[in-house]
Q: 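For reference, the structure I am asking about is given below.
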Amino acid sequence: MRRLVRSTVVALCAGALMTAALALVTPQSARADETAICYNCPPEWADWASQIKAIRQNTGIRVPFDNKNSGQSIAQLMAEQKSPVADVVYLGVSSAFQAKDKGVVEPYKPAHWNDIPANLKDPQGYWFTIHSGTLGFFVNKDALEGKPVPRSWADLLKPEYKGMIGYLDPSSAFVGYAGAVAVNLALGGTLDNFEPGLDWFRKLKANAPIVPKQTAYARVMSGEIPILLDYDFDAYRAKYKDHANVEFVIPKEGTISVPYVMSLVKGAPHEANGKKVLDFVLSDEGQKLWADAYLRPVRANAMSAQTAAKFLPASEYARAKAVDFGKMAEKQASFGERYLQVMH
């Protein structure tokens with residue numbers, strides 16, 4: 001009888017321990033199942049913080065922040081090709097051509113695919129635009145020490161701005177390369193001739209530019225980088241949401257507007273979750289969030305008249321030119337090599 005009682009107690013204890021163990025394991029497993037890994041989704045950039053919060057609230061899927069830039073993301077995807085970690089990736093458009101060529105992304109046509117203009121998506125679905133921005137000068141006026149706000153690419157070469165100018169590394173970050181393309185085209189170059197742009201960077205060396213590899217929004221806000229080559233959406237965010245004394249300048253010689261895109265990673269470990277994320281960023285709510293962050297949503301009707309009124313006038317944006325994104329992608333690696341030779 002004692003033996004039977006003892007056996008029963010042991011069995012009950014074992015069962016209780018098993019139940020406790022499962023209680024500890026199951027929530028963690030559930031959380032893993034509700035995850036989607038996005039490369040290059042930094043909270044400080046393009047208000048990814050709000051978008052990721054909305055993804056969690058609307059889909060239950062947790063997307064951890066990730067501070068890689070476009071070039072770093074592609075390098076990581078290539079390194080992990082045999083055992084992918086990421087599910088989706090966010091890239092500057094020329095980097096998306098590279099991702100397709102390297103075989104690290106696969107086709108997916110998300111909800112609202114038909115709302116995306118043909119020139120802003122890969123016809124097979126390897127990448128598609130979610131929003132775009134126009135490149136210019138994001139200027140912290142309080143950090144200029146009384147100097148005038150620069151209005152042109154030529155102004156940035158003036159000695160008075162020494163130590164005040166920043167841009168992301170064009171050999172790695174897409175926004176850095178976009179800036180290089182913008183200045184090159186504005187000064188008379190082409191995608192076959194980067195000499196005007198490279199000559200500008202040679203001259204800029206005298207002004208000791210600051211060249212971070214990741215988004216530098218906080219460094220502009222703090223005054224560490226008073227003038228950053230960056231997109232309009234960051235400057236408008238600083239002005240209207242963070243109430244900073246900043247200005248966005250479209251240089252008088254001209255600039256470019258470029259799209260940012262997303263893709264499904266080939267062999268994504270949480271493929272179904274990744275697809276839900278891609279669907280959400282193109283949904284009515286997802287697109288409105290981009291518009292509220294002063295990005296131009298690919299579904300243009302998502303932007304309200306009130307938000308649109310906060311942008312510079314259309315006459316200013318007329319200086320932003322279109323560019324052949326395929327050719328821009330084709331020339332990116334060779335430009336990066338030449339830029340490094342010039343600057344080092």
Side-chain angles (χ1 to χ4, degrees), residues 40 46 70-71 73-74 88-136 173-186 189-194 231-233 250 254-265 275 278-284 286-291 293-303 307-308 311-312 314 316-333 335:
N40 191 19
S70 292
S73 296
I74 292 175
V88 296
V89 62
Y90 169 76
L91 300 165
V93 65
S94 66
S95 299
F97 283 83
Q98 295 173 20
K100 179 183 177 182
D101 290 344
K102 300 293 185 184
V104 295
V105 294
E106 63 182 60
Y108 177 61
K109 295 181 179 181
H112 301 288
W113 170 261
N114 292 333
D115 293 346
I116 305 172
N119 66 324
L120 295 177
K121 61 188 177 187
D122 175 81
Q124 296 166 286
Y126 280 94
W127 57 264
F128 47 86
T129 297
I130 58 171
H131 54 227
S132 61
T134 297
L135 200 122
F174 175 74
V175 60
Y177 177 54
V181 171
V183 66
N184 184 61
L185 296 179
T190 68
L191 291 174
D192 289 314
N193 173 24
F194 271 97
Y231 293 112
D232 50 357
F233 53 81
I250 295 176
T255 188
I256 62 172
S257 293
V258 292
Y260 274 76
V261 311
M262 290 196 77
S263 299
L264 181 67
V265 173
K275 288 178 176 179
L278 298 177
D279 288 345
F280 183 81
V281 297
L282 285 172
S283 69
D284 292 349
Q287 287 285 289
K288 182 180 182 299
L289 280 169
W290 297 130
Y294 306 104
L295 296 118
R296 292 193 185 272
V298 71
R299 297 175 60 207
N301 60 0
M303 181 174 286
T307 300
F311 283 61
L312 289 175
E316 292 283 309
Y317 278 96
R319 296 199 295 279
K321 305 303 180 187
V323 63
D324 181 335
F325 302 127
K327 192 160 191 178
M328 188 174 168
E330 180 188 324
K331 301 295 182 178
Q332 186 167 358
F335 169 80

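We count residues from 1, following the sequence as given.
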Q: Show your working on side-chain contact (heavy atoms from CB on, under 4.5 Å) between His112 and Arg299 and close with a plain yes or no.
A: CA-CA 9 Å; His112 301 288; Arg299 297 175 60 207; 3.5 Å; yes
Q: Asp122 and Lys100: side-chain contact (heavy atoms from CB on, under 4.5 Å), yes or no, with the steps?
A: CA-CA 10 Å; Asp122 175 81; Lys100 179 183 177 182; 2.8 Å; yes
Q: Please walk me through it: do Phe128 and Tyr260 pass ring pair (Phe, Tyr, Trp, His ring centres under 6.0 Å)?
A: CA-CA 8 Å; Phe128 47 86; Tyr260 274 76; over 10 Å; no
Q: Run through Asn40, Val258, Leu91 and flag the one making a side-chain contact (heavy atoms from CB on, under 4.5 Å) with Phe174.
A: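 Result: among Asn40, Val258, Leu91, Val258 is the only option passing the side-chain contact (heavy atoms from CB on, under 4.5 Å) with Phe174.
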Q: For the residue pair Phe233 and His131, does the interplanar ring angle fall in the parallel (under 30°), tilted (30 to 60°) or perpendicular (over 60°) class?
A: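 Because their plane-to-plane angle lies in the 30° to 60° range, the rings of Phe233 and His131 count as tilted.
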Q: Roughly how far apart are Thr307 OG1 and Trp290 CH2, rounded to 0.5 Å?
A: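 Thr307 OG1 to Trp290 CH2: 15.0 Å, rounded to 0.5 Å.
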Q: Are the aromatic ring centres of Phe97 and Trp127 under 6.0 angstrom apart?
A: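 Phe97 vs Trp127: aromatic centres under 6.0 Å.
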Q: Evaluate the side-chain proximity of Thr129 to Val93: yes if any heavy-atom separation is below 4.5 Å, no if none is.
A: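 A side-chain contact is absent here, since even the closest heavy-atom pair is not under 4.5 Å.
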Q: Apply side-chain contact (heavy atoms from CB on, under 4.5 Å) to the pair Val105 and Tyr108, showing each step before the final yes or no.
A: CA-CA 9 Å; Val105 294; Tyr108 177 61; over 6 Å; no
Q: Checking side-chain contact (heavy atoms from CB on, under 4.5 Å) for the pair Gln287/Val281: CA distance, chi angles, key distance, verdict?
A: CA-CA 6 Å; Gln287 287 285 289; Val281 297; 5.6 Å; no
Q: Heavy-atom distance under 4.5 Å between the side chains of Ser257 and Lys321, does that happen here?
A: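 The answer is no, as the side chains (C-beta and beyond) never meet within the 4.5 Å cut-off.
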Q: Would you say the side-chain atoms of Lys121 pair up with the backbone N or O of Ile116, donor to acceptor, closer than 3.5 Å?
A: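 Judged by distance alone, yes, a pair lies under 3.5 Å.
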